[in-house]
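One structure is given below, encoded as structure tokens.
No experiment lies behind these values; they were computed from the predicted model shown.
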Amino acid sequence: MSESKDFLRSIVEEDLKSGKYREIVTRFPPEPNGFPHIGHAKSIAINFGIARDYHGHCNLRMDDTNPTTEDTKYVEALKDAVDWLGFDWGERVYFTSDYFPKLYDYAVKLIKMGKAYVDSLNEEEMRAHRGTVTEAGKRSIFAERSVEENLDLFERMKNGEFKDGSHVLRAKIDMSAANMKMRDPLLYRIRHAHHFRAGDTWSIYPMYDFAHCLSDYIEGISHSLCTLEFENNRDIYDWVLDTLDLEPPRPYQYEFARLGINYTVMSKRKLLELVESGQVSGWDDPRLPTIAGYKRRGYTPESILTFCDQIGIAKANSMVDVAQLEFCIRDDLNTKVPRVMCVLDPLKITIENYEGSEILDASYYPEDVPKEGTRKLPFSKEIYIERDDFNENPPKGYFRLTPEQPVRLKHGYIISCKEVIKDAQGEIVEIKVHYHPESKSGSDSSGIKVKSAIHWVSAAEAKRVEVRLYDRLFKEETPEGLEDVNPDSLKIIKNALIEPSVITQKPDERFQFERQGYFYADPVDYSEETPVFNKIVGLKDSWGKKKKKRSETAKPQAKKVQIDGEVAAMSAQEQAHFDRYTAELELNPEVANTLARDAQLSTFYDEALRANHSPVTIANIVSNEVARELKENQVAALQFSAAQIAQLAEMIDDETISSKIAKRVFEEMVISGEDPKQIVESKGLIQISDPVKIAPIIDEVIAKNPDNVAKFLAGNTKLLGFFVGQVLKNTGGKANPKVVNELVAKKLNEHIPEPERC
RNA sequence: UGGGGUAUCGCCAAGCGGUAAGGCACUAGUUUUUGGUACUGGCAUUCGGGGGUUCGAAUCCCUCUACCCCAUCCA
């Protein structure tokens, strides 16, 4: 867990502290109608993670309320995903379909309460009745049906007496609700369909909005965490649970932003499209962001979990850079896996002055990885190196083999180029080199300096392997569809050459192919005859980046221009208020504007003014503090009165209290409705303006923070606020901030060290 | 257009009236038989824009703007 808490954990902690719940119970509630992807992983990490962190538990629940799209193969994939990520649901795998009988009873209860009715409008009529975002809807004539009739109809719906679509059960809420979701939402629909678990018992199925909240309640969920698109559904969630008048505690829903990653797609529809069009080999294609895909590619569950932890949880729609994910897997594998040598694009090297062969001892791990293990590395006259690692006309800064520049063979000798052999087309087919006998790795006495060490394999012993190079599936950062697929997302190398120990010794299933990247023995296609390795992720490549940058031109980045919208004109009455406030009372136009445009505010202000004619101070309090309270409440609901605000202003005006204390007093008034004078008196909030009393506190703060004093003297003037804040804190906010400010500045300057003062 | 959300560095993201956390990316350097790793340093005088309140505002108030979600018998 990262050190700062996310907003969900903050809520959970508060609820635990306040005693709202004794135990934290969350749930991961996927619909089994598709393969889980990394977005699900985020949800799994959140739900199971929070349960783990607060010693509660998390249920795995299949939200299987739609028989036409769901299948048992998906529930297996979902279970696999949770399991692979390392979470344990114990006995707690649940299915919404198991609650169908209970859900039915709740529906009956709602009907009996007169809160639900059977509607027999067809789909089209229902849409027409729903209205639009700006116009209210119209209630169906069937909403008039009696409880008895509704009960009868609903039972017959259940019994399968009606055709699909002929009737639905709806909640009776409000057809003119601003929230469209609340316009008598559907609770049940008729579906004569076979359910993969419930079989043919039911011919009616509950809708999400009815089933989900109640399933949460039935399972004793405390925090129902879902994604942002369900924000509008929260009102129904609350309505159902509250209307049913259930025994507490009940769950509450909170929403977080779903995961988006650039250069990939996350929607079930688009994923399905990729699979069905044959663009990828299946749900577990290593290029897919599915859990099965990452697993097949060679990602570790740890790396996915770290990623989920790093990206955080918030409510802003966001698009995470794939580089963040790639960092997580590299970082995880760096300390875990053996380094081996594999040549992807072989170039033959003949060491003219070497005869015979030898076996080199080579560690599987570099010095900075605290793991043990070595392998035998055959070395001989004929070897292969990477074609890229030789350059006849090297660019500036090229560290590898050139006609003039020697290079070290990793774990072996230094070689120098003697002759470049080309075919008729001018293609380099072989390099003849000389090795330096005294330069053997570990006992080098040659004194030759090389710029780099390259990987290689001995020609006779190397094994032929297939390597699948995966790159991002889409060429666009925000892909729309199939047309944005990256044509080079998969490159298959049939004839890569790998050192023998990888195949014979099999020290691991994941490797770092030295200087190239991390690779994974494909769990499906790997065989003794043709070993297959999937590229998980490349190593960071600062040389490649440097080369690329040279050819790239900087693209201009235009700064976005902010357009200012037009402010609505004031009504005649508002204008009259405004004029009086600015002309007669000499209010700041902005403050006057705020007051004048809000009838509640101007009335409140005028009333306060009658108790104490201090137009400016009162206007400031009303336009700022009172305005805030009036956002949520009507005037009648306020605990405090206009006269009390007038009294508060008086104390500010005569400097009994500072404006800082006034805010505290105001907060108290909001809650208790007590007189400000009384609050000030009982809490002893009268401000301290006497420098003699304040000075020692400043001295103390200065003495305690020598570092910040130094920083301040070095020119960080922002620190003045820090010192003022500390002093204010030490006096419980009672020190007169203006006095403190002056005094602190003076005292701090006295601290300029002696030498500088001379 | 009504309602509900969201805006802090290239990408995530802390922050809740008193010194703008952290990670990725980028960048400079040190170490290195991986152009890897590790390490050190640099990366927001400013928080979507404009005003206001305050000794002090990313945080409070007003206002404007941009983006996302909602009118499936999907979830």
Query raised in the report: Can you name the salt bridge (charged side-chain N to carboxylate O under 4.0 Å, His left out) partners of A:K660, sequence neighbours left out?
Result: none

Requested in this report: Assign a letter to each nucleotide of nucleotides 68-75 of chain B from its 5' end: B, base within under 4.0 Å of a protein heavy atom; S, sugar-phosphate only; -, no contact.
Outcome: SBSBSBSB

Below 3.5 Å between N/O atoms, which protein atoms pair up with nucleotides 26-28 of chain B? Just atom names and distances, please.
from	atom 1	to	atom 2	distance (Å)
B:C26	OP1	A:K545	NZ	2.4
B:U27	OP1	A:K549	NZ	3.0

**Report entry** Pair A:Q324-A:Q310, side-chain donor/acceptor within less than 3.5 Å
**Finding:** yes

Query - Side-chain donor-acceptor contact under 3.5 Å, A:D598 with A:Q600 - result: no

Requested in this report: Test for a donor-acceptor pair under 3.5 Å between the base of B:U19 and the side chain of A:N716, counting only N and O atoms.
Outcome: no

Report summary line: Residue set satisfying ring pair (Phe, Tyr, Trp, His ring centres under 6.0 Å) with A:Y605, at least two apart, ordered chain then number -> A:Y581

Requested in this report: Just jot down the side chain to side chain donor-acceptor pair (under 3.5 Å) partners of A:R597, sequence neighbours excluded, or say none.
Outcome: A:N593

Report task. Mind jotting down which residue pairs meet the salt bridge (Lys or Arg N to Asp or Glu O under 4.0 Å) criterion with at least one end in residues 224-234 of chain A? Sequence neighbours excluded, please. Result -> A:E229-A:R258, A:E231-A:K315, A:R234-A:E255

Query raised in the report: Side-chain donor or acceptor of A:R515 under 3.5 Å from a matching atom on the base of B:U34?
Result: no

Query raised in the report: Does A:F154 have any ring pair (Phe, Tyr, Trp, His ring centres under 6.0 Å) partners at least two apart in sequence or in another chain, and if so, which?
Result: A:Y104, A:Y188

Requested in this report: Using the test ring pair (Phe, Tyr, Trp, His ring centres under 6.0 Å), find all partners of A:H455 that sit at least two apart in sequence or belong to another chain.
Outcome: none

Polar atoms only, N or O, under 3.5 Å: list the protein pairs with nucleotides 40-46 of chain B and their distances.
from	atom 1	to	atom 2	distance (Å)
B:U46	O4	A:K718	NZ	2.9

Query raised in the report: Nearest nucleotide by nearest heavy atom, which residue falls closer to the 5' end of RNA chain B, A:L325 or A:S10?
Result: A:S10

Report task. Identify, between A:N262 and A:Q324, the residue whose nearest nucleotide on RNA chain B lies closer to the 5' end. Result -> A:N262

Report summary line: With sequence neighbours left out, the residues meeting ring pair (Phe, Tyr, Trp, His ring centres under 6.0 Å) with A:H411 are none

Query raised in the report: So, does the side chain of A:Q512 form a donor-acceptor pair with the base of B:U34 at under 3.5 Å?
Result: yes

Query - N/O donor-acceptor pair, side chain A:N624 with base B:G52, under 3.5 angstrom - result: yes

Query raised in the report: Picking from B:G5, B:A38, B:U34, which would you name as closest to the side chain of A:R234?
Result: B:G5

**Report entry** P atoms of B:A14 and B:G51, separation to the nearest Å
**Finding:** 29 Å

**Report entry** All pairs passing side chain to side chain donor-acceptor pair (under 3.5 Å) where residues 728-743 of chain A contributes a residue, at least two apart
**Finding:** A:S689-A:N736

Report summary line: For A:K440, the salt bridge (charged side-chain N to carboxylate O under 4.0 Å, His left out) test, sequence neighbours excluded, returns A:E358

